[in-house]
Amino acid sequence: MSTEEERDGVRLTNLDQPLFDGAEATKRDLVDYLDAVAGRLVPRLAGRPLSVIRVLRGQKPFMQKNLPKYTPPWVRRVTVWAETSRREVSYALCDDRRTLLWFANQRAVEYHPPLATAADPGHPTHLVMDIDPPDGGPFSAAVGAAHLVRRALADCGLDGAVKTSGSKGVHVFVPLDGGTAADDAAAATRALAARAERLDPGLATTAFIREDRAGKVFLDSTRAGGATVAAAYSPRIRPGTPVSFPVPWDEIDAADPHAFTVRTAARLLADRDPWAELMPAARPLPADLVAEGHTIPIARVQAMHEGKRRARARREQD
C-alpha cells in the first residue's frame, strides 16, 4: 500500500506512520476515519474558529489556533482578537471535507470548536456541562453525575444530549435558541451545575480547586464564553485513539467509552448522525436559572482569589 495519495486535491503523506505512542493507529487510520465521518463532523465545526491539537513525530501534542504561514489559500479563515495574548489570531473555518483532510495530513487529531460561530460570537448555540470523574474513578461515576444534570435540566423544562468526551468523562450539550447572550448562558451553566450538585452532593461537586473535590465527580461549568470543547466525533490523543461519541440517554449506563475509536467508530455509525438525531429542540433558558447563575461567582476567578488567599495563609504560618 502506498504511503502517499491524494483526496479532494489534498496530498496525503507518510500514511503508514504510527500516529503517536499508544495510539494503536496509523496516520492512515486517522485520515480514513475523518474522511468517513466528514459529513457528520464538518457540520459541528463549520463557521466556528477552530482550535486543533496536533501531534508531530517526536514531539509532545500541542494546541494550534493560529494558522501557519504555509496554510493553503483555499482554507477559509477568520481573524479574532485574543485578549489574553493581546494579538490577532487567524483561525481556520473547517467548512468542508477538503479542509478536514488538510488538517488530517497535518496530524491534527483533536478538533475543538467554540460554542458560538464566528458570525455571532456573542450568542452561543449550546451550553455545555463537562463532567469528569475523580482520578482513578470509573466512567460510571461520570455517567451518574450526567443523570443528575439531566434531572436538573428536566426540573426547569430543558433537555440535552450526552456524548462520551473521548477521555474519561462525558459532555452534556443543551441547545440554545440563538438569542441568549454569552454571559447569560455562562450564568445558566453555573446554576445548572449547582442544582445538579444539590441533587446528590455525595456524588458530584462544583469545586474548581482539585484538592477540594474529595474524590467526587467534577461538574465543570466553565465551558462557556470563548471556551472550546472537543466536538462530537472528534478523536482524542489518548491510548487507543478514542473518539467522542454520542450515546442515547437510555444506553449511556452500559456504554464502554473505549469501544469508540478511530478504527471502530465509523463502522458503528454506518450512515447515521446520532448527534443530530439525539439533540433536542432548543428552548429559551428559564429566567430564574439565569438569575441564579448570576449570583454564583465565576469558578476560575473564585479559584484564583482562593489560591492567593491560601498562599498568603501558608506564608504567614512559615
Tell me whether Leu268 is reachable from Val243 by hopping between hydrophobic residues (I, L, V, M, F, W, Y) whose side-chain heavy atoms are closer than 4.5 Å.
yes
Say whether, by atom type as modelled, one donor and one acceptor occur between the side chain of Asn105 and the main chain of Arg11 under 3.5 angstrom.
yes
Heavy-atom distance under 4.5 Å between the side chains of Met129 and Leu192, does that happen here?
yes
Can you name the nearest heavy-atom pair linking Leu285 to Ala185, along with the distance?
CD1-CA, 4.3 Å
Restricting to non-hydrogen atoms, name the atom on Pro121 and the atom on Ala116 that form the minimum distance, rounded to 0.1 Å.
O-CB, 3.6 Å
In the single-linkage hydrophobic clustering (I, L, V, M, F, W, Y; side-chain heavy atoms under 4.5 Å), do Leu278 and Val247 co-cluster?
no
I want to check something: taking the side chain as every heavy atom from C-beta on, are Phe139 and Thr164 in contact at a cut-off of under 4.5 Å?
yes
Quick check for you: to the nearest 0.5 Å, what is the distance between Asp35 atom CG and Leu41 atom CG?
11.5 Å
Test of understanding: clusters of I, L, V, M, F, W, Y form through side-chain heavy atoms closer than 4.5 Å, transitively. Do Met63 and Val55 belong to the same one?
yes
Starting from Ile296 and following side-chain heavy-atom contacts under 4.5 Å between hydrophobic residues (I, L, V, M, F, W, Y), which residues can be reached?
none
Measuring from Ile252:CD1 to Ser140:OG, what's the distance to the nearest 0.5 Å?
11.0 Å
Backbone N or O of Thr99 within a donor-acceptor pair of the Asp96 side chain at under 3.5 Å?
yes
Tell me, do Tyr111 and Leu45 make a side-chain contact under 4.5 Å, heavy atoms counted?
yes
Side-chain contact, heavy-atom cut-off 4.5 Å: Val170 with Ser165?
no
Would you indicate whether Arg57, at its atom CZ, is surrounded by more than 12 heavy atoms from other residues, nucleotides or ligands within a distance under 6.0 Å?
no
Counting only N and O atoms by type, is there a donor-acceptor contact under 3.5 Å from the side chain of Lys65 to the main-chain atoms of Leu50?
no
If we count only N and O atoms by modelled type, under 3.5 Å, do the side chains of Ser244 and Lys163 hold a donor and an acceptor together?
yes
What do you reckon, is NE2 of His294 surrounded by more than 12 foreign heavy atoms closer than 6.0 Å?
yes
Atom pair CG/CZ of Asp16 and Arg28 - distance to nearest 0.5 Å
8.0 Å
Is the backbone of Ala118 close enough, under 3.5 Å, to the side chain of Tyr91 for a donor and an acceptor to pair up by distance?
no
How would you list all residue pairs meeting salt bridge (charged side-chain N to carboxylate O under 4.0 Å, His left out) that involve residues 173-188, not counting sequence neighbours?
none
CZ/Phe218 to CD1/Ile209 distance, rounded to the nearest 0.5 angstrom?
10.0 Å
Measure from the ring center of Phe245 to the ring center of Trp275 and say whether it is less than 6.0 Å.
no
Residues two or more places apart in sequence or in another chain: which of them pass side-chain contact (heavy atoms from CB on, under 4.5 Å) with Ala186?
Arg190, Ala224
Find the distance between CG (Leu101) and CD (Glu6) and round it off to the nearest 0.5 Å.
10.5 Å
Residue pair Leu269, Arg40: steps toward the side-chain contact (heavy atoms from CB on, under 4.5 Å) verdict:
CA-CA 10 Å; Leu269 287 169; Arg40 285 151 285 194; 3.4 Å; yes
Hey, are the side chains of Asp32 and Val262 touching, using non-hydrogen atoms and a 4.5 Å cut-off?
no
Using the test salt bridge (charged side-chain N to carboxylate O under 4.0 Å, His left out), find all partners of Asp130 that sit at least two apart in sequence or belong to another chain.
Arg223
Path from Val172 to Leu203 over hydrophobic side-chain contacts below 4.5 Å
yes
For Arg76, enumerate each residue passing the salt bridge (charged side-chain N to carboxylate O under 4.0 Å, His left out) test, keeping only those at least two apart in sequence or located in another chain.
Asp95
Give every residue pair that meets the salt bridge (charged side-chain N to carboxylate O under 4.0 Å, His left out) criterion with at least one member in residues 239-258, sequence neighbours excluded.
none
Quick test of your reading of the model: are Arg7 and Glu5 salt-bridged, counting only N-O distances below 4.0 Å?
yes
Evaluate the side-chain proximity of Val10 to Trp74: yes if any heavy-atom separation is below 4.5 Å, no if none is.
yes
Within-4.5 Å side-chain heavy-atom neighbours: Thr241 and Leu19
yes
Using modelled atom types only, decide if a donor and an acceptor are shared between the side chain of Lys216 and the backbone of Pro201 within a distance under 3.5 Å.
yes
Residues two or more places apart in sequence or in another chain: which of them pass ring pair (Phe, Tyr, Trp, His ring centres under 6.0 Å) with Tyr33?
none
Salt bridge (charged side-chain N to carboxylate O under 4.0 Å, His left out) partners of Asp288, counting only residues at least two apart
Arg195
Is Leu158 reachable from Leu127 through a run of I, L, V, M, F, W or Y residues, each pair having side-chain heavy atoms under 4.5 Å apart?
yes
Please collect all salt bridge (charged side-chain N to carboxylate O under 4.0 Å, His left out) contacts where either partner lies in residues 107-129, sequence neighbours excluded, each pair once.
Glu110-Arg236, Glu110-Arg238
Sequence-distant partners of Asp135, salt bridge (charged side-chain N to carboxylate O under 4.0 Å, His left out), two or more places apart
Lys168, Arg210
Spell out, as yes or no, whether a donor-acceptor pair under 3.5 Å connects the side chain of Thr71 to the backbone of Leu67.
no
State whether the side chain of Ser167 and the backbone N or O of Gly169 hold a donor-acceptor pair below 3.5 Å, judged by distance alone.
no
Can you list the residues that meet the side-chain contact (heavy atoms from CB on, under 4.5 Å) rule with Ala104, with sequence neighbours excluded?
Val31, Leu34
For Pro280 and Pro175, which heavy atoms make the closest approach, and how far apart are they?
O-CG, 3.2 Å
Going by heavy atoms in the side chains, are Phe62 and Arg54 under 4.5 Å from each other?
yes
Taking every non-hydrogen atom, the tightest pair across Ala146 and Ile131
CA-CD1, 3.5 Å
Between the side chains of Glu88 and Thr79, does any donor sit under 3.5 Å from an acceptor?
no
Nearest atoms (heavy-atom pairs only) where Leu153 meets Asp159
CD1-C, 4.1 Å
Would you confirm whether Thr206, through its side chain, and Ala193, through its main-chain N or O, come within 3.5 Å as a donor-acceptor pair?
no
Mind jotting down which residue pairs meet the salt bridge (charged side-chain N to carboxylate O under 4.0 Å, His left out) criterion with at least one end in residues 259-273? Sequence neighbours excluded, please.
Asp29-Arg263, Arg44-Asp273, Arg272-Glu277
Hey, could you give me the CG/CG distance between Asp8 and Leu100, rounded to the nearest 0.5 Å?
10.5 Å
On a heavy-atom basis, the closest approach of Ala231 and Pro113 is CB-CD, 3.8 Å
Would you say the side-chain atoms of Gln106 and Tyr70 include a donor-acceptor pair closer than 3.5 Å?
yes
Backbone N/O of Leu115 and side chain of Thr125: donor-acceptor pair under 3.5 Å
yes
With a 3.5 Å distance limit and no angle check, can you tell me whether Trp249 reaches the backbone of His147 through a side-chain donor-acceptor pair?
no
Within 45° of the axis and under 6.0 Å from the centre of the six-membered ring of Trp81, does NZ or CZ of Arg87 qualify?
no
